[in-house]
Amino acid sequence: MRPGPQTTLAPETRTDPAPALSARAIRRIVLEQAKRANVGHIGSALCVADILAALYGSILRMAHPADPKRDCFILSKGHAALALYAALFLKGWLSREALDTYCADASLLGVHPDHALPGVDFSTGSLGHGLPMGAGVALGARLQRSSRRIFVLVSDAECNEGSLWEAVMFAAHHRLANLVAIVDLNGQQALGRTDAILALPGLEGRWQAFGWDAHVVDGHDGAAIERTIAGLDTRSGPPHVLIARTVFGKGVSFMERRLEWHYLPMSEAQYRQALAEVCGNR
Amino acid sequence: MRGAFATALIELAAADPRILLLTGDLGFMVLEPFAERFPERFFNAGVAEQNMIGLATGLARSGFIPFVYSIATFASMRPYEFIRNGPILHRLPVRIVGVGAGFEYGHAGPSHHGLEDIGIMRVQPGLTLIAPADHRQTRTALQKTWDLPGPIYLSLGKDDRTIVPGLDGRFELGRADLVHDGTDVLMLATGAIASEAVAAADALARHGVACAVMVVASLNPAPTDDLLGVLERFSVALTVEAHYVVGGLGSLVSETIAEHGLRCRLVRCGARTAPDGRSGSNAALSRAHGLSRDALVRTVLAALATVTV
């Protein structure tokens, strides 16, 4: 049985109609739900809020979750699922009631996303799976002569996985122009900085060397992300990658670039401060 | 069985455009007819089995029926977690074809010996697991399962000549086939080694031992009713598999006996030891692991001598 809502959630935020889809709205929901469920993985979810807001706000062509021709989004870095749930809620594909089951017993909204949730095509969480599956969807779309595009958000640490590079090679060889990878380059992995664990210098050049069309963007500049993706040729040519420079824990001063927010839940005081910083009503 | 697989797949693909074939850069002189007939539906994913399973998962999610082809070890163990988190978790119609199970790549050495595929695949719920005994049964199994909604693993031998006498190419999912009747002892066999079991049964007849042989090609779903029906008739039974005795048919039959409280002593014939670095022909390695006709005869006679009925 899941615990009841905690007093720290202002009741009006639970009954209002969904606010507009924005990075700030995603971050607010991330904080609210992480606090209510008393779980971690907050830093990763805050980090990708601007990317998800850009994707679900304007980039992804998707009117209905069941439309087989809609664009496909794969959150390969599944541990940022809370940000995805927030985006799906803000888009109107997930009810407030469902969102509030985050991390409850028997909820479809776990720490990592599951395909049983409408709008989520693939269960992810084990790193290195998203790009191979995304390449499969991209290949399938080509065979079906569909104009759907496939976006896969991977973490920088995920670039440690050999399977990712297998997919990178396949997609380049078959010139899957409808495949767009976005690397969340936050420099942080599970036990420390990527520089200290398995450094990824020149990541843009590495993807280019494998035959991809690579772009470096500010991962917190939604307009720049939208502009870059709008400029991609997704009908012919090589696959595309956006190396999105981000700040782990973005938007909450005491979480930014701090490893512990990969894991820890917030105290009451931390939650109040984080919410105030994200909502801007200090 | 490789040739039978390729031929049957071409026939099915001609009727259903959803069928695709992916290979991990293997299948020389086997897959060319498919590639030539359906160049748009054939993909060599390169030496990259994890990605190949991921691709197949994405393709199946998009409405295709992808078959992925490799040597049994590389088709099963190498991308195992991708199979689990892909077609199993998403319940998608990916067909994984592992060729040359057991010691069929004998001379290639232990890295190529497929002695675990059935064991590791059998633990995955929702995965249909089939190990045909000969090329005719391979064809029937493919024809009867190709459009199942869930994932399938096919453990295939290489040989397209040997026929298991009495099997006549029969296959039913969840059923086993009694191909040689007898009253003294029962052999249960899976995969290409089944022909050795039948040969052993013929040899045992000359020793005055009436040995029944049941071919178990459908390992998941397990042919529980057929196993129970035959096991209760015997006080001693042997499993025969070119596989480790742990995890495969030997384990399956042990579980069936234990869970149903049968009074049947089971002897598991198969590989029991870690590889010792020696390679050799399929026949030599089968002999070394007690799976040749003569070895099986000796094992049956020894088992009967120690069982008091």
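Not measured: the values here are computed from a predicted model. Naming convention: chains lettered A, B, ... in sequence-line order (proteins, then strands); numbering from 1 in each chain.
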Should we say atom CZ of B:Arg175 is surrounded by more than 12 heavy atoms from elsewhere, each under 6.0 Å from it? no

Does B:Arg78 have more than 12 heavy atoms from other residues, nucleotides or ligands lying within 6.0 Å of its CZ? no

Ranked by heavy-atom pairs below 4.5 Å to chain B, first place among A:Cys72, A:Ala116, A:Gly136 goes to A:Gly136

Taking every non-hydrogen pair under 4.5 Å, which of A:Ser146, A:Ala135, A:Pro132 racks up the most with chain B? A:Pro132

Bottom line for B:Leu20: the part with an atom under 4.5 Å from chain A's heavy atoms is side chain

Close contacts, residues 56-70 of chain B versus chain A, judged by heavy atoms under 4.5 Å: B:Thr57, B:Gly58, B:Leu59, B:Arg61, B:Ser62, B:Phe64

Identify the residues of residues 158-174 of chain A whose heavy atoms come closer than 4.5 Å to a heavy atom of chain B, ordered by number, or report 'none'. A:Ser163, A:Glu166, A:Ala167, A:Phe170, A:His174

Show me the donor-acceptor pairs, under 3.5 Å and distance only, between side chains in residues 80-96 of chain B and residues at least two apart or in other chains.
residue: B:Tyr80; atom: OH; partner: B:Ile120; partner atom: O; Å: 2.5
residue: B:Tyr80; atom: OH; partner: B:Gln124; partner atom: NE2; Å: 2.9
residue: B:Glu81; atom: OE1; partner: A:Ser126; partner atom: OG; Å: 3.3
residue: B:Glu81; atom: OE1; partner: A:His129; partner atom: NE2; Å: 2.7
residue: B:Glu81; atom: OE2; partner: A:Ser126; partner atom: OG; Å: 2.5
residue: B:Glu81; atom: OE2; partner: B:Asn85; partner atom: ND2; Å: 3.2
residue: B:His90; atom: ND1; partner: B:Asn85; partner atom: O; Å: 3.2
residue: B:His90; atom: ND1; partner: B:Gly86; partner atom: O; Å: 2.9
residue: B:His90; atom: NE2; partner: A:Ser123; partner atom: N; Å: 2.7
residue: B:Arg95; atom: NE; partner: B:Trp146; partner atom: O; Å: 3.0
residue: B:Arg95; atom: NH1; partner: B:Gly150; partner atom: O; Å: 2.7
residue: B:Arg95; atom: NH2; partner: B:Trp146; partner atom: O; Å: 2.7
residue: B:Arg95; atom: NH2; partner: B:Leu148; partner atom: O; Å: 2.6

B:Tyr153: which residues meet the side-chain hydrogen bond (donor to acceptor under 3.5 Å, both in side chains) condition with it, sequence neighbours left out? B:Asp117

